[in-house]
Amino acid sequence: MSDEEETASQLTDNQKIEIAKWFLLNSPAGEIQYVAKDIRALLKNERLYLAAVSEAFPLYNKSHLICLEFPDRSGEVMVTSFSEIDKNEYIDPRTAQVAIIDHVKQVIEDARPAKDEELPSSYVEEYRSALDVEIIKYVSEAYPKGVCSVYCTSGKDVEEPGMDFELVVVICAARHSPQNFCNGSWRSVWNMEFKDELQMVEVRGKFEVGAHYFEEGNVQLDAKHECKDSTVFQSADDSAVSLTTIIRHHEAEYLNSLQKSYSKLPDTTFKDLRRKLPVTRTLFPWHNTQQFSLTKDIQKSLGLESSK
């Protein structure tokens with residue numbers, strides 16, 4: 001029995017499941033199916049495999065904000081914690097449909113119309129839909145193949161001015177190109193608290209950028225950022241424009257900062273990874289290597305030096 005097999009035999013079933021879940025949850029964007037296939041082969045136990053994937057896939061799908069198309073192609077649903085109604089049910093407020101998801105296969109099995117209690121009031125919906133329209137315009141300009149959605153997460157029963165409510169904007173843009181050995185994604189979540197008494201909208205943004213390049217190596221990027229802002233509580237249309245402008249500004253600013261920092265990598269971080277001078281603290285004279293007679297030194301140490 002090899003050392004690996006002996007170590008594996010000493011692990012309990014729960015430990016094996018937890019290890020498998022860790023690898024699944026840490027899969028780069030768009031690669032969980034490949035990781036799951038390898039884990040299945042390594043575990044060699046269907047019961048343990050199913051236990052691991054049934055727990056890991058829902059968490060992974062929600063954290064990566066995956067987007068799935070309805071069977072009748074009437075729209076798409078984003079799998080997020082904000083759109084989750086039940087264990088496998090996720091709402092798309094744009095089409096007022098609820099998708100029943102198979103998390104492991106990452107497909108929509110069925111769909112149904114959303115119930116009235118699952119949708120915001122007409123007053124809140126006016127703000128939600130106006131913001132949705134502006135965000136769609138922005139995402140189509142800023143992110144190739146980007147997807148977005150706007151959800152009401154608090155105060156969806158508010159019928160008129162005088163009460164607070166909260167909307168969340170979710171944006172995801174992914175590029176999966178395993179044939180070219182690279183995958184990546186941009187994910188941003190914007191919480192917007194509409195405070196009627198203060199006549200202000202407080203904004204909190206969280207960004208996550210992930211990239212994986214694996215041609216003849218394995219390089220990964222995992223960057224996170226948070227920001228805050230605010231604007232005046234206005235009409236639905238004016239608020240939508242103002243809030244989209246805030247999102248556009250902060251996301252462009254962060255993207256520019258990423259580009260600047262990574263363009264300096266060769267002159268900063270990568271240089272620091274290398275020893276500036278050898279142990280002798282003297283630069284090697286590449287321009288004049290003749291002063292080093294390595295062959296002569298080797299012959300002398302082996303007693304092979306010819307006598308003169």
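Both backbone and side-chain heavy atoms feed into the values below; hydrogens, waters and symmetry mates do not.
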Taking everything shown except Arg248 itself, do over 12 heavy atoms lie less than 6.0 Å from its CZ?
yes
Taking atom CG of Asp110 and atom CD of Glu89, what is their separation to the nearest 0.5 Å?
9.5 Å
Checking salt bridge (charged side-chain N to carboxylate O under 4.0 Å, His left out) for the pair Glu125/Lys156: CA distance, chi angles, key distance, verdict?
CA-CA 8 Å; Glu125 176 60 20; Lys156 68 179 180 180; over 6 Å; no
For this output row, return yes or no: ring centroids of Phe207 and His225 closer than 6.0 angstrom.
yes
For a 4.5 angstrom cut-off between non-hydrogen side-chain atoms, does Asp132 reach Arg94?
yes
Side chain to side chain contact (heavy atoms under 4.5 Å, CB included) partner of Leu65, chosen from Val170, Val147, Ile171, Val79:
Val170
Out of curiosity, Leu167 CG to Met192 CE, how far, rounded to the nearest 0.5 Å?
8.0 Å
Quick one, Met163 with Asp196, criterion side chain to side chain contact (heavy atoms under 4.5 Å, CB included). Give me CA distance, side-chain angles, the key distance, then yes/no.
CA-CA 6 Å; Met163 299 283 286; Asp196 187 86; over 6 Å; no
Do Ser74 and Thr95 have side-chain atoms, one donor and one acceptor, less than 3.5 Å apart?
no
If you take all heavy atoms of Val201 and Val232, which pair is closest and at what distance?
CG2-O, 4.3 Å
How about Asn61 and His103: does a side-chain donor come under 3.5 Å of a side-chain acceptor?
yes
Compute whether any side-chain donor of one residue and acceptor of the other, for Thr80 and Ser83, lie under 3.5 angstrom apart.
yes
Sub-6.0 Å ring centroid separation between Tyr213 and Phe181:
no
Glu215, CD atom: more than 12 neighbouring heavy atoms under 6.0 Å:
yes
What do the steps show when you test Asp92 against Gln97 for side-chain hydrogen bond (donor to acceptor under 3.5 Å, both in side chains), and what is the final call?
CA-CA 5 Å; Asp92 173 38; Gln97 294 186 89; 5.4 Å; no
Could you give the distance from CG (Asp13) to CG (Leu48), rounded to the nearest 0.5 Å?
4.5 Å
Taking atom CD1 of Ile247 and atom CH2 of Trp190, what is their separation to the nearest 0.5 Å?
6.0 Å
Are any of the side-chain heavy atoms of Leu68 and Ile101 separated by less than 4.5 Å?
yes
In this structure, CD of Gln33 is separated from CD of Glu31 (nearest 0.5 Å) by 11.5 Å
Would you call Glu118 and Arg112 a salt bridge, taking side-chain N to carboxylate O under 4.0 Å as the test?
yes
So which atom in Val150 and which in Arg128 form the shortest heavy-atom distance, rounded to 0.1 Å?
O-NH1, 3.1 Å
For Tyr34, look at atom OH and say whether over 12 heavy atoms of other residues, nucleotides or ligands are found less than 6.0 Å away.
no
Separation between CZ of Phe233 and CD of Glu197, rounded to the nearest 0.5 Å
12.5 Å
His249 and Asp229: side-chain donor and acceptor closer than 3.5 Å?
no
Taking it one step at a time, do Lys206 and Ser188 satisfy side chain to side chain contact (heavy atoms under 4.5 Å, CB included)?
CA-CA 6 Å; Lys206 292 183 179 181; Ser188 58; over 6 Å; no
Which residues pass the side-chain contact (heavy atoms from CB on, under 4.5 Å) test with Ser257, sequence neighbours left out?
Tyr254
Please check if the distance between the ring centroids of Phe82 and Tyr90 is under 6.0 Å.
no
Exercise answer: donor-acceptor pairs, residues 17-25 side-chain atoms, under 3.5 Å, sequence neighbours excluded:
| from | atom 1 | to | atom 2 | distance (Å) |
| --- | --- | --- | --- | --- |
| Glu18 | OE2 | Lys21 | NZ | 3.3 |
| Lys21 | NZ | Glu55 | OE1 | 2.7 |

